[in-house]
Amino acid sequence: MNTFTMSLSLLLLLLVYSTQATHFFGTVMTYYPGDTHSDQPFVVNFRYKMNFHECNQSDIWGCFTYNCLQSTYILNVVEVVKKESSGEWCQTEGHMIKQYSSDAPFEVVLDGGNWIDGIVNGIVSWRAVALVELRNRSDTGKANSSPQTTIIPAVRVPSNCARDFVLLAFDPDGDVVKCRNGNESLSECNPCTPPSVLSLTPSCTLSFRPTDSSNEGPYAVQLVMEDFPRQNITLTQTDGTQTNLTTNNAIGKIPVQFVLRVDPPVPSCTKGLFLPLFLPPTPANGAQLYTPVGQTLEISIKAEATNSTISELLYSGPYTIFQNKTGPGEFILSWTPSESEAGESYPICYVVQALFGVVKYHSDLRCVIVTVENVYVAALSGRISFSLPFTADNVNSVIIQKIKEEVEKRGLPPDASLRLVRGDQVLTTTTAPSYG
Ligand SMILES: *[C@@H]1O[C@H](CO)[C@@H](O)[C@H](O)[C@H]1NC(C)=O
Ligand SMILES: *[C@@H]1O[C@H](CO)[C@@H](O)[C@H](O)[C@H]1NC(C)=O
Ligand SMILES: *[C@@H]1O[C@H](CO)[C@@H](O)[C@H](O)[C@H]1NC(C)=O
Ligand SMILES: *[C@@H]1O[C@H](CO)[C@@H](O)[C@H](O)[C@H]1NC(C)=O
Ligand SMILES: *[C@@H]1O[C@H](CO)[C@@H](O)[C@H](O)[C@H]1NC(C)=O
Ligand SMILES: *[C@@H]1O[C@H](CO)[C@@H](O)[C@H](O)[C@H]1NC(C)=O
Ligand SMILES: *[C@@H]1O[C@H](CO)[C@@H](O)[C@H](O)[C@H]1NC(C)=O
């Protein structure tokens, strides 16, 4: 192949790429500051979800400020999280680690083609913005982490049923997380028209009230999630400049965009008939789960629907998650966090989908937040002696504390939790570390 034909085929690929980019189902962007103990101070770990009709469609986050344009990739991977089985949508997760020339705040922007056709609230093209704050916070002594959340690309509700979508709004720094609709004057979306059929509270609950058939169809939901400090704080840049923030000033912000489908009425809004109803042991919405690096976390999800057929579990989370169907309406989501995920918290959200002919019905949306614990292998040499009988009471109250003190002397961080294990049976656990 000569040079001329090669550049021609590259051009054709680019054209194909841009004409495909018209089936957008929203996005979510989150970030953690990179490891400040390394010799690269301004490293950011971005994880974003990108939702399209096809798994091979994607877009690239751009930037406008000097600092951001100077950035270099350390890692850039995109993998499929979940493809809806009828081919409605595909969610991919991107993990990019980038290095920046300074810790000045900057925005990253996703600005490409069009949402899916027929959006009822008049949205055509997509635009999503995240504000990244890397300056040192006076309250935590480190850079900000964004709120952590996710969502599936399309959630459904029949037009005659009320439903609350309680979005996950977890903040690793313990900040107050608030939601608002994207704002035109801040160019967070284009246009920003919120769905008329939804009302949003600052605590991130989207409420749908029953409406008539004229309001059916797909809506583009374009939210912004922001973290606010719990007290006045000062942000200090490495060049020495300082900025004071009050509890009314957002530190960072992330976009949360997805499609809400308002479907034709269902014969009954009672959950468990046509609309799937979650049953135990499905974790409660907002549950906080902990798992050590390298250990597989299994989340059991169970639902029933007597007048429709539960067909699949729709979920959003780290792309390394996988699912098993273990029975009718029974699923297990499994995730084994890796070393690079230690100390961070990851959102997982899910909805059970049922079919009645070709009509799809969704359960409520539920989310959990999974905190990945560091594992310290304490090879305790020597002995710790106890002049106490080895009873459950003593183990819980005295013995584990004494072991913890001993292990701390040998370098265990004081905020770690400790499990006493015999075989693979957990005997007791000290208080879990508090992440804010
Ligand atoms: C993307 O995937 C679709 C369906 O799987 C396929 O028809 C299309 O050719 C693919 N496009 C590219 C550029 O690979
Ligand atoms: C942030 O500030 C604290 C003191 O307020 C300091 O101990 C810490 O080293 C600073 N962190 C960085 C990354 O500069
Ligand atoms: C958008 O945000 C700006 C700045 O926060 C505010 O002044 C304006 O009222 C907002 N507009 C709407 C429509 O909410
Ligand atoms: C926070 O800062 C604001 C503005 O500087 C000030 O009015 C307020 O008193 C401060 N609050 C506290 C608790 O220090
Ligand atoms: C920030 O607040 C501190 C007091 O907490 C004050 O001394 C300083 O002048 C303030 N800086 C700015 C830029 O307002
Ligand atoms: C649901 O199914 C039951 C049993 O098959 C049936 O008796 C009932 O009428 C159905 N309910 C509706 C609202 O169709
Ligand atoms: C889930 O399915 C995978 C193959 O898809 C299998 O390797 C794994 O053992 C299954 N896990 C459970 C808990 O059934």
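Residues take their numbers from the sequence shown, with the count starting at 1. We count ligands from 1, going down the list as the structure has it; atoms in each ligand are counted the same way. Computation of the quantities below employed the complete heavy-atom set of this structure, encompassing side-chain atoms and omitting hydrogens, waters and symmetry-equivalent molecules.
Taking the side chain to side chain donor-acceptor pair (under 3.5 Å) definition, one finds that Ser338 meets it with Ser340, Glu341, sequence neighbours left out. In terms of the salt bridge (charged side-chain N to carboxylate O under 4.0 Å, His left out) criterion, Arg230 has no residue partners (sequence neighbours excluded). In this structure Arg156 satisfies the salt bridge (charged side-chain N to carboxylate O under 4.0 Å, His left out) test together with Glu88, Asp263, sequence neighbours excluded.
Taking the six-membered ring for Trp and the full ring otherwise, the centers of Trp126 and Phe52 sit less than 6.0 Å from each other.
Among Val351, Thr205, Val221, Leu260, the single residue meeting the side-chain contact (heavy atoms from CB on, under 4.5 Å) criterion with Phe165 is Leu260. When the options Val197, Val155, Leu365, Leu198 are evaluated for a side-chain contact (heavy atoms from CB on, under 4.5 Å) with Leu206, the one that passes is Leu198.
Residue-level contacts of ligand 5 at the 4.0 Å heavy-atom threshold are Asn244.
For Lys142, no nitrogen or oxygen atom sits less than 3.5 Å from a nitrogen or oxygen atom of ligand 2, counting backbone and side chain alike.
Near Thr246, meaning under 4.0 Å from any of its heavy atoms, are these atoms of ligand 4: 2 (O), 3 (C), 4 (C).
Between Lys178 and Asp227 there is no salt bridge, since none of the side-chain N atoms of the basic residue sits less than 4.0 Å from a carboxylate O of the acidic one.
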